[in-house]
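Worksheet: one structure, shown below.
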Amino acid sequence: METCSRTKLIVVGRKIFNEDSGMTRSYVLLTPGPLTTDLAVRRAMLRDWGSRDKSFINLSRDVQSRLSALAQAAASHVCVPLQGSGTFAVEAMISSLMSDQSRSLILVNGAYGRRMAEICRRLGRAFDIYETAEHEPPKAQDIDRILAENSAITHVLMVHCETTSGILNPLSEIAEIVKRHRRELLLDAMSSFGGIEIDLGALGITALAASSNKCLESVPGVSFVLCRHDALEKAQGNSRSLSLDLYDQWCGFKNNGQWRFTPPVQVIAALSKALDLLDAEGGVATRHARFRQNTDILINGMRALGFSTFLDDPLQSPIIVTFRPLPHPNFDARIFTQGLERRGFIIYPGKLTTEESFRIGCIGNITPSTMARVIAAAKSTLKDDMGIVGSSTSSV
Ligand SMILES: *Cc1c(COP(=O)(O)O)cnc(C)c1O
């Protein structure tokens with residue numbers, strides 16, 4: 001194989017990673033999405049497609065069935081894609097699968113749980129909030145009790161990986177309780193789908209919402225809801241929004257395979273290629289193992305530099321890590337972020353409501369070797385940009 005001298009090929013699992021640079025990659029994105037994508041994914045967008053082309057309709061149908069299959073749900077759940085970012089899918093899921101007679105219990109421990117509450121408020125859908133601190137998962141026994149005591153609650157809404165902190169909420173425990181109480185579970189699996197295995201049928205989940213540009217490692221522009229057949233059948237007339245009506249969107253696909261409104265054709269082509277790459281890597285389990293390795297290298301390296309993580313290790317997802325500022329008088333989070341950017345890495349500020357923090361993502365087309373370079377860049381930023389040498393707390 002011939003490679004350009006600026007391109008480094010790295011093999012992880014069964015996949016070859018093309019650590020390209022220059023024109024094709026300006027920065028490594030260590031963010032909650034959009035993320036670093038493979039060059040092949042971006043290249044898949046180089047042609048025009050008509051929305052009624054047979055070839056596009058087939059491509060779109062194939063992407064839909066592959067997305068359902070990723071959640072072991074090819075038979076039980078329908079994939080309804082939507083134009084737009086992940087929030088569009090969450091809003092479509094809530095507005096279409098709940099009715100004016102529904103009442104939801106929303107589990108909140110971060111910004112995305114709060115966003116679901118805001119969506120319900122705007123839609124005028126009844127809801128109760130069960131809130132825990134941003135470093136605490138919802139307690140199964142509390143949910144059990146609340147559902148037992150409140151027969152009016154028809155739906156439970158939860159976030160799988162709350163990207164605000166990186167906490168992985170206990171999906172199977174909660175799903176089991178919701179199923180036992182015969183309520184419907186609507187899941188925001190935006191930052192976990194494709195990177196953490198989810199068996200929709202076994203968990204009895206009514207629907208989940210996710211998007212193209214997180215663990216699926218494609219470009220932004222399309223989101224989707226995987227929805228149990230019978231729930232979708234009953235959804236006619238629920239949505240007061242035309243464009244976010246999952247039922248109508250689904251009917252479009254059922255009738256002629258076409259999108260109701262202009263589809264993001266290149267984005268679907270990119271997603272199709274990204275799904276090829278997921279298969280080539282060995283599927284969700286292999287990708288999960290890579291993200292876990294990325295996370296371990298990141299956390300160990302940052303701890304060696306004196307940083308601490310916001311979450312206890314058992315709660316930490318392999319998706320994104322929240323770090324506290326270094327307890328050193330010279331440390332400045334802005335200089336740290338800018339220093340990493342000059343060295344080729346984009347990280348994001350924290351999103352916690354209670355304390356200063358910053359976040360580094362572990363997902364996207366990046367490998368343990370990328371994470372090792374991040375640690376080297378962090379070390380050099382501390383030393384060269386802030387005069388911090390060695391481990392933290394021994395202040396100057
Ligand atoms: C990214 C994300 C969303 C959706 O965000 P968009 O900016 O609309 O794509 C929703 N929930 C979670 C948990 C997320 O990580």
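One-based numbering, in listed order, for ligands and for the atoms of each.
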Those protein residues which place at least one heavy atom below 4.0 Å from ligand 1: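 Ligand 1 pocket, heavy atoms under 4.0 Å: Ser85, Gly86, Thr87, Tyr112, Arg115, Val159, Cys161, Thr163, Asp188, Met190, Ser191, Lys214.
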For residues 331-339, which side-chain donor-acceptor pairs fall under 3.5 Å, sequence neighbours excluded?
unit_1: Asp332; atom_1: OD1; unit_2: Arg334; atom_2: N; d: 2.8
unit_1: Asp332; atom_1: OD1; unit_2: Ile335; atom_2: N; d: 3.3
unit_1: Thr337; atom_1: OG1; unit_2: Ala333; atom_2: O; d: 2.9

query: Listed by chain and number, what are the salt bridge (charged side-chain N to carboxylate O under 4.0 Å, His left out) partners of Arg228, not counting sequence neighbours?
result: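 Per chain and number, Arg228 pairs via salt bridge (charged side-chain N to carboxylate O under 4.0 Å, His left out) with Glu184, Asp230.
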Under 3.5 Å, is there a donor on one side chain and an acceptor on the other for [X] and [Y]?
X      : Y      : answer
Arg359 : Thr164 : no
Ser68  : Ser65  : no
Asn150 : Asp128 : no

task: Output every pair passing side-chain hydrogen bond (donor to acceptor under 3.5 Å, both in side chains) with a member in residues 69-82, not counting sequence neighbours, ordered by first then second residue.
output: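 Not a single pair qualifies under side-chain hydrogen bond (donor to acceptor under 3.5 Å, both in side chains).
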